[in-house]
Amino acid sequence: MKVRFETASNGEQTCSAGGFRLHSSYNPSREAGRFASNAECSFNPRYILVTGPALSYCADFLKKRFPGAELCCIRFSKEFHETDSKWHAVFCAFDKADPEKENRRLSEELFGYMGDEGISSCLFLSWKPSELPFKELSEFAWKEIKKAAVKSKSVLATRTYFSRRWARNALRFALFVKNTAVLRRGNSAVIVCASGPSLKQSIPFIKQFRERFFLIAVSSALSAMRCYGISPDLCISTDGGYWAKLHLSFPLQNSRIPLALPAEGSCFASVLSKTPVVPLFYGDGCSQAVLESTGFQGMKALRNGSVSGTAAMLALSLTEGSVFFCGLDLSSSKGFFHIQPNELDKRNSAFDSRLNTAETRAAAASAASLSSTEIYRSWFSSADFGGRLFRLSSGSYSSPLGKTADIHWSDFERMTADFRSRSKPSTAETKTEFSLSERTEQLRSTVQQNCSNPEWIKSALPAESLMQERAKGTAHEDEAKKKTAGCMEQFCTDILNALGRKNPYDI
C-alpha cells in the first residue's frame with residue numbers, strides 16, 4: 001500500500017495510507033505523547049512492542065515513561081525504515097504474511113529475541129491509526145504475537161514444573177558419573193538419527209555407507225539402531241522426565257557408546273556409573289553450578305525443546321562438513337509416531353488387549369504429539385543452519401523444513417565421495433575416582449551456598465522470579481520478594497532430600 005507523506009500544521013512530518021491518516025495533521029508529537037501516557041501497565045515491563053507505529057513518534061515518549069524497557073516494533077510497511085533507529089529491535093510483518101515468501105516466522109522471531117521470560121514481561125501496544133489501512137497485516141501480527149505468547153507460557157510452565165526434577169537430576173549426575181568423554185572436532189559428514197518412522201527406510205543405507213560418517217542417535221532412536229545391528233558413535237539425550245530413562249537403560253547396557261547428556265537430563269544411576277558421559281553445558285542455572293563445583297569438563301550445548309534441536313547444533317559444532325538428519329519426520333503418522341522397536345512402546349504393549357489395541361494406543365500417542373511436533377517443526381523451519389544441514393531419506397518427507405533441504409541417499413553418496421580424505425569427530429575418555437560420601441557432602445555445600453544466588457532463583461523458580469521482576473518499583477515488590485525467598489527455601493530442602501536417601505541409587 002502506497003504511503004503519502006505530508007507536512008503537519010506544526011511543521012512535523014505526517015502521513016496517510018489508503019485514505020486513512022496514520023498521524024495527526026496538526027501535531028503528531030502531541031498525539032504520540034497522549035498515546036504513551038494513556039498506555040495502561042500494572043507491572044514493570046522489560047520490553048514494549050508496538051505494532052504499526054509508522055513514523056515512530058511514540059518511541060521517544062515511551063522511552064521517557066519506561067526508561068528501563070527495550071522498545072520494539074512491528075512494521076507494516078517498508079516506507080518507515082528511516083525511523084528504525086528509534087527502536088531497539090524492528091520486526092517486519094509485510095514480508096511474512098505471504099506463506100510463499102516466508103523465510104522466518106514472525107512468532108519465532110519475537111520468541112527468539114525476547115525469550116519466554118521477556119515475552120511474559122512485555123507490554124504489547126497497537127498504534128490504532130494503522131489498524132484499518134493495514135487491516136490484514138495487523139491481524140496477522142497479533143496472531144503471531146499470540147503464538148509467541150502461548151509458546152512463552154508453555155515453556156515457562158514446563159520450566160516451573162520440572163525445575164526440582166532437573167536440579168535433582170543434576171545432583172545425581174554429579175554423584176554417579178565417573179567416566180567422562182570429550183568430543184574432538186573433525187571435518188567429515190555427521191549423520192543424526194531422529195526416531196521418526198521414516199528412519200527405517202534409511203537403515204540399509206546407513207549400513208552401506210557407515211564408514212563415511214560420524215553417527216549420532218537421539219535417545220528414542222537408540223533401541224531401533226541397536227536392534228538393526230548399528231552402533232552409533234554417540235547417543236544424545238536431553239529430556240529431564242522420568243520416562244526418558246527407559247530409552248537409555250537397556251540399549252546402553254553392555255555397550256561403550258558415549259552418552260551426551262546435560263546435568264538436568266534423566267538417566268538411571270546404574271547407567272551413569274558405567275557409561276562414558278559427555279557432559280553438556282547449557283551455561284545457566286543450577287545444573288551449570290553443580291557441574292562446575294564438581295570439576296566436570298564438557299561441551300557447550302543449546303537448550304532446545306526437542307533433543308533433535310540440541311543434537312543439530314551439537315553436530316554442527318563437531319564438524320566443518322555437512323550434517324544430515326534421518327528420521328526427522330516432524331509430521332503426523334497413521335501408525336506409530338516413532339520407529340520400532342521403541343522402549344516406551346515395548347513397555348506399554350504389556351497393557352494391550354482386544355478392547356485397547358496397539359493401533360488405538362499408537363493413534364492416541366500420535367494425536368497427543370501433534371502440538372509439540374508443530375513447535376519443533378516451526379523451530380527447524382525458522383532456524384538458519386548456514387546451508388550445512390540436510391534432511392536425508394530414500395523417499396520423501398511430507399512436511400518441509402524451511403531452508404533445510406531434503407535430499408536422497410544418492411545425493412549423500414555424491415556429497416561424501418571424498419570421505420577417505422576427511423577425519424571423523426572422535427572421543428577421548430577419562431575416569432575420576434571419588435567416594436559417594438565425599439561427593440555427597442560437596443554437593444550439599446554447593447546447594448546451601450547457592451540458595452540465595454539470583455541465577456539459582458531464576459532457574460529454580462522461573463515464575464516467581466519473573467513476578468518479582470515485574471513487581472519492581474510497585475507496591476507489591478516486598479510481597480513478591482518474601483514469597484520468592486520462602487519458595488526458594490523449600491526448593492533447596494526438597495532437592496537436598498535427594499541426597500539423603502538410604503540407597504543413593506534410588507534417587
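Just so you know, residue 1 is the first one in the sequence shown, and it goes up from there. Computed from a prediction, not measured in an experiment: that's the story for all the values here.
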Any side-chain heavy atom of [X] within less than 4.5 Å of one from [Y]?
X: S308; Y: F325; answer: yes
X: D329; Y: S198; answer: yes
X: H247; Y: S237; answer: no
X: L261; Y: V177; answer: no
X: M488; Y: E464; answer: no
X: V192; Y: I236; answer: no
X: S107; Y: K151; answer: no
X: W379; Y: S306; answer: no

Rounded distance [0.5 Å steps], [atom1] in [X] versus [atom2] in [Y]:
X: L272; Y: L259; atom1: CG; atom2: CG; value: 7.5 Å
X: F296; Y: T180; atom1: CZ; atom2: OG1; value: 7.0 Å
X: F176; Y: R439; atom1: CZ; atom2: CZ; value: 11.0 Å
X: L436; Y: E441; atom1: CG; atom2: CD; value: 12.0 Å
X: K483; Y: L461; atom1: NZ; atom2: CG; value: 10.0 Å
X: S121; Y: L466; atom1: OG; atom2: CG; value: 4.0 Å

Taking all atoms of both residues into account, what is the closest heavy-atom pair of [X] and [Y], and its distance?
X: I74; Y: A93; value: CG2-CB, 3.8 Å
X: I339; Y: G196; value: CB-O, 3.8 Å
X: C72; Y: F91; value: CB-CE1, 4.1 Å
X: L199; Y: C193; value: CD1-SG, 3.8 Å
X: E429; Y: P276; value: OE2-CG, 3.5 Å
X: L156; Y: P462; value: CD1-CB, 3.8 Å

Polar side-chain atom of [X] near backbone of [Y] as donor-acceptor pair, under 3.5 Å:
X: S195; Y: A221; answer: no
X: R391; Y: T404; answer: no
X: R388; Y: G321; answer: yes
X: S459; Y: W456; answer: no

Quick test of your reading of the model: are [X] and [Y] salt-bridged, counting only N-O distances below 4.0 Å?
X: D233; Y: K424; value: no
X: K482; Y: E479; value: no
X: E455; Y: K458; value: no

Using a distance-only test with no angle check, is there a side-chain donor-acceptor pair under 3.5 angstrom linking [X] and [Y]?
X: W166; Y: S287; result: no
X: Q449; Y: S445; result: yes
X: S293; Y: Q442; result: no

Is K178 positioned over the aromatic face of F434, cation under 6.0 angstrom from the ring centre and no more than 45 degrees off axis?
-> yes
Does F268 have K245 sitting over its ring (NZ/CZ under 6.0 Å from centre, angle to axis within 45°)?
-> yes
Within a radius of less than 6.0 Å around [atom1] of [X], do more than 12 heavy atoms belonging to other residues, nucleotides or ligands occur?
X: R185; atom1: CZ; result: yes
X: Q297; atom1: CD; result: no
X: E489; atom1: CD; result: no
X: H88; atom1: NE2; result: yes

Only residue of L110, I48, L49 satisfying side chain to side chain contact (heavy atoms under 4.5 Å, CB included) with C122 is L49
Results of ring-ring contact (aromatic ring centres under 6.0 Å, His included) for F111 - residues two or more places apart only | none
Using the ring of each side chain (for Trp, its six-membered ring), is F324 parallel, tilted or perpendicular to F390, with breaks at 30° and 60°?
-> parallel
Among pairs that include at least one residue of residues 293-310, which meet salt bridge (charged side-chain N to carboxylate O under 4.0 Å, His left out), considering only residues two or more places apart or in two chains?
-> E264-R303, D284-R303
